[in-house]
Amino acid sequence: MTGLLWVTWRQHRAVVSWTTVLVLVVVLFSPDLIDWAFRNAFGAVVAVFWGAPLVAREFEERTYLVAWGQDVSPARWLAVKCGLLGSAAVVLAALLDVRQIGFTLFGFALGVVAGFVTRRTVPAIAFTLVGYVLVRWLFAGETSVWLFESSVLCGVFGAVLIPVAFVLLSWRTNAFRMGVA
Amino acid sequence: MTVRVAGVSKRVLRNCTFELPGGGVTALVGANGAGKTTLLNVLAGHLTADSGHVAVAGRVAFVAQDKPMYKGFTPLDVLRFGGHMNKVWDEYKAHSWLHRYKVPLKRRCGELSAGQRAHVAFALALGSRPDVLLLDEPLSELDPLARRRVVRDLLAEVADTGMTLLYSTHVVAELGGVADRLLLLSNGKLIVDGDTDELLGQHVEITGPAADQPPVRGDVVLARHYDRQSTFLVRCQGEAVAEEPWSARPVTLEELVVAHLEAVA
Amino acid sequence: MRGLLWLTWRQHRWVLCSTAVVVLLASWLLIELDLANTPGDAVPLSGFYAQLVQTAFGGLVGMFWGAPLVAREFEERTYLVAWGQDVSPERWLAGKVALLGLVAVLLAVPIGLGDGYRGHQDVSWDVFEVSPLVQAGYVLFGLAAGVLMSALVRHTLTSMGLTLALYVAVRMVMSLGARDHYLPTERVLSEVGEARQLPEGVQIVETGYLDGDGHVMGMPSECTAFVNPQNCIRTHGGAHSFVDFQPIDRLPGFQVAEFFAFTAFAAGLFFLAFLRLRRGWRPSRSHRRIAA
Amino acid sequence: MVEFRVDRASGLPAYLQLGRQVREALRLGWLQPGDRLPTVRDVVATSGVNANTVLKAYRELELAGLVEARQGSGTYVKSSLGSAAPEALDDLRAKFAAWVREARSAGLEDEDIDALVRAVLSGGSDDGAG
């Protein structure tokens, strides 16, 4: 696993770092107006800059042939990356506002799926953005219209999207082949 | 058998069947769009065949034609990537390849030349100690000297480790003595699959007075008729003996491949 | 120029169409539903999100049109093709920017018309951004930011991020800070504690207290505890309370000022982008022409 | 030690080219019985020929009785091809060189000499008597 830790950090250190800095800046000293706007937009930022490029860039640069050509099976590669980046996103969202955790998870998962569907960065970002805003719009009405707090619902919706990503992955390549020693 | 392909169809590939023994060097030749890359991708596991069965024994390494690589990584990062992402990783082998071809280790791959990027891709592939190495037009970015040295290094690697090498190429003239097996693909179908030495022995070009059949037993691959003269490229089973006024000439690999491709084109 | 028209359309038609769809949908929501003055004054959700598109319009165009413009060419290495022709890189960029800018401004008109759910006042400071002119300024600025970041960073994802950051930052600084001070504010004085009469629909910029000789006096700390601290302030020498504001009739002028401010920014950024292009890249085929 | 050179564009299979070069070396006395042929790995590394081809060539030479593989230590030359003793070889070469000079002075080009020699070689016995 530590191998994938290094790979995930090496590939995504830039985007994770500046997002963290942004969150700290907003949390530590920002007037409440910006704070409110950023807090709600954080889910979109993670979706667009973390989720969408995760797979879309690999397809676009054709480096999926490198990433999924190693011993580590593509399924584990995706699982560990989503796990690491997902939990980092949750931690940052928790810093901002607990309600955002659900939305952020959903946004991230939506981005990954959009990456699989479009396989190009800019379209993936566009779909993710539109999808995120639409779903926030649907759920944002009366928060308890679906019996659950909307952010929890989004979180569940996001959790459902992750297996969808794995299904799409296995269509793309035999994702679950065991790493041959 | 290290690589077994039975009745595989995918995109343009139609019902491909062949087997590669371990430790052999096989050349995959074919016109553009004949399905070489698709076949290699299926063998590498990046594409799953629509029908048929593919079995590859052992570890597979695949280097695509455009040598894709993370442009933000330096060659050192790529070696670390190989180490982290593989159970079996031979840092020395990968590093010595980069050293031998003088690839700068600290510069980002995006800033390296195409040839250097190719060497980084080779180092990553060889470093994972594959049992089967699949290369899609490996020599296309290399200068003549590097090309010769890479062929020697790859063959030495095959000799040392008993690895099976399957590579696609357009430069047929350079196959002699390198590939001991030739697979010829034409729009998705395998039209020739044989040992290069046997193929050379079997094929002969017979020229003589105009006739519609050559004087020798064997199937005619290509026939050309002029007003008083005919030339036949024949693939015969046994020894090809041609008396006067016919004359027989041994055929080179390139002529053989071009003839087969032309016959089917 | 006709060649560039085809090229720009051929290369960017999907992103142009999808943006247009989103923008027109939002505009329709803002314009059409507003007339139907839906029951209840709460802002229906569609209105909120339409306003979201209206505010983010310039940024979206910057991110999706401007940021990939040059960066994508470098990432795919297609700049060798694009700038290897007889059209020089500068004219290539000028043509694309002109055409994209034109379409962006055209889209700014509908997005700027719908005043949506802001109480239907025809003229009010709340609907400052509801004006095609202002939206045109924003979108040109967004596009310029995208193109510059694209030329500087030459990496799509990063330039999208930087474009968004620059756009949000400048828009915040302008609308929260600078906009109120395009012209010096007018001041109305009144006795401490008396109700102030202000003209209709003003934009209040600053309120506070003046001491005896007319200097601005901060709220004395002791008085903060009182519910109505008037007499406490009087005792601490507070003579008058003042209100600085911008009268409503200045609104159109401010909108024009904001338009020129953002177009000036845009011009500056475009110039820098061209500079970066020319300095960073030799002239195209022309330099290969050997003197006859 | 012999250095193999494979002409990749020729119609002759590589393993036959290797065999021919070994036989040539034997005839010209560069390889003596008891010499060791280069290992398969060295031939692969120096002349870029794949291992199976080298093995095939060595096995073909072994079947022809020219070389023998000694377990674990490589392939050694067993018998020479030079039917004639080396001294006889030199004497014949001198005579032949004289003949070539004579032919050239008679105005024959190299191609004519080549065709003449090939005709005599393929003509076989009848010319011998004449």
Side-chain angles (χ1 to χ4, degrees), chain B residues 20-27 100 139 144-145 147-165 167 169 171-182 194-205 233 240 248-257 259, chain D residues 1-25 36-64 69 71-75 111 114-115 118-119 121-124 126:
Chain B
L20 300 183
V25 176
T26 306
R100 193 174 322 131
L139 310 177
L145 175 63
R147 190 174 286 201
R148 177 187 291 264
R149 290 176 65 194
V150 163
V151 166
R152 286 193 182 148
D153 287 347
L154 287 177
L155 293 177
E157 192 64 28
V158 167
D160 292 345
T161 61
M163 164 178 77
T164 305
L165 173 61
Y167 71 104
T169 183
V171 188
V172 181
E174 286 182 5
L175 284 186
V178 171
D180 47 30
R181 183 82 175 282
L182 174 67
D195 180 280
T196 31
D197 297 333
E198 276 164 25
L199 288 175
L200 280 176
Q202 288 165 359
H203 285 76
V204 69
E205 185 185 70
L233 198 140
R249 180 181 67 78
V251 171
T252 71
L253 260 180
E254 188 149 10
E255 286 160 347
L256 179 151
V257 163
Chain D
M1 248 319 252
V2 64
E3 169 77 20
F4 292 109
R5 207 191 56 70
V6 172
D7 170 8
R8 298 192 194 289
S10 96
L12 196 62
Y15 80 100
L16 293 179
Q17 289 184 38
L18 296 185
R20 171 175 295 185
Q21 284 172 24
V22 169
R23 284 190 173 77
E24 210 168 277
R36 204 172 80 89
L37 287 178
T39 67
V40 172
R41 172 64 169 79
D42 295 343
V43 175
V44 167
T46 48
S47 35
V49 180
N50 97 57
N52 294 348
T53 308
V54 181
L55 281 171
K56 208 184 221 182
Y58 280 10
R59 208 173 307 117
E60 191 247 345
L61 288 168
E62 206 173 339
L63 293 177
Q71 201 42 10
S73 70
T75 320
E111 290 76 19
D114 192 41
R118 195 173 290 117
L121 281 180
S122 59
D126 50 6

> With side chains defined as the heavy atoms from C-beta onward, is the minimum distance between K56(D) and D195(B) less than 4.5 Å?
Replying inline: yes

> Taking D7(D), T46(D), L18(D), V40(D) one by one, which has the highest count of heavy-atom pairs under 4.5 Å against chain B?
Replying inline: T46(D)

> Highest number of heavy-atom pairs under 4.5 Å with chain B: which of T53(D), N52(D), L16(D), V54(D)?
Replying inline: N52(D)

>> I'd like to verify something: which residue of A156(B), P250(B), G23(B) has the highest number of heavy-atom pairs under 4.5 Å with chain D?
In response: A156(B)

>> Could you work out, with side-chain hydrogen bond (donor to acceptor under 3.5 Å, both in side chains) as the rule, every residue matching Q21(D), not counting sequence neighbours?
In response: none

>> So, taking the atom named CG in L200(B) and the one named OH in Y15(D), what distance separates them when rounded to the nearest 0.5 Å?
In response: 9.5 Å

>> For V251(B), which atoms come within 4.5 Å of any heavy atom of chain D: side chain, backbone, both, or neither?
In response: backbone

> Only one of L175(B), L253(B), V178(B) forms a side-chain contact (heavy atoms from CB on, under 4.5 Å) with R8(D), so which one is it?
Replying inline: V178(B)

>> For R148(B), I'd like to know if atom CZ has over 12 heavy atoms of other residues, nucleotides or ligands within 6.0 Å.
In response: no

> So, for N50(D) and V25(B), which heavy atoms are closest and what is the spacing to 0.1 Å?
Replying inline: CB-CG2, 4.2 Å

> What distance do D197(B) atom CG and L12(D) atom CG have between them, rounded to the nearest 0.5 Å?
Replying inline: 9.0 Å

> At a heavy-atom separation under 4.5 Å, does A51(D) approach chain B through its side chain, its backbone, both, or neither?
Replying inline: side chain

>> So for atom CZ, which belongs to R20(D), do other residues, nucleotides or ligands contribute more than 12 heavy atoms lying within a distance under 6.0 Å?
In response: no

> Which pair of non-hydrogen atoms, one from A45(D) and one from R152(B), has the smallest distance, and what is that distance?
Replying inline: O-CD, 2.9 Å

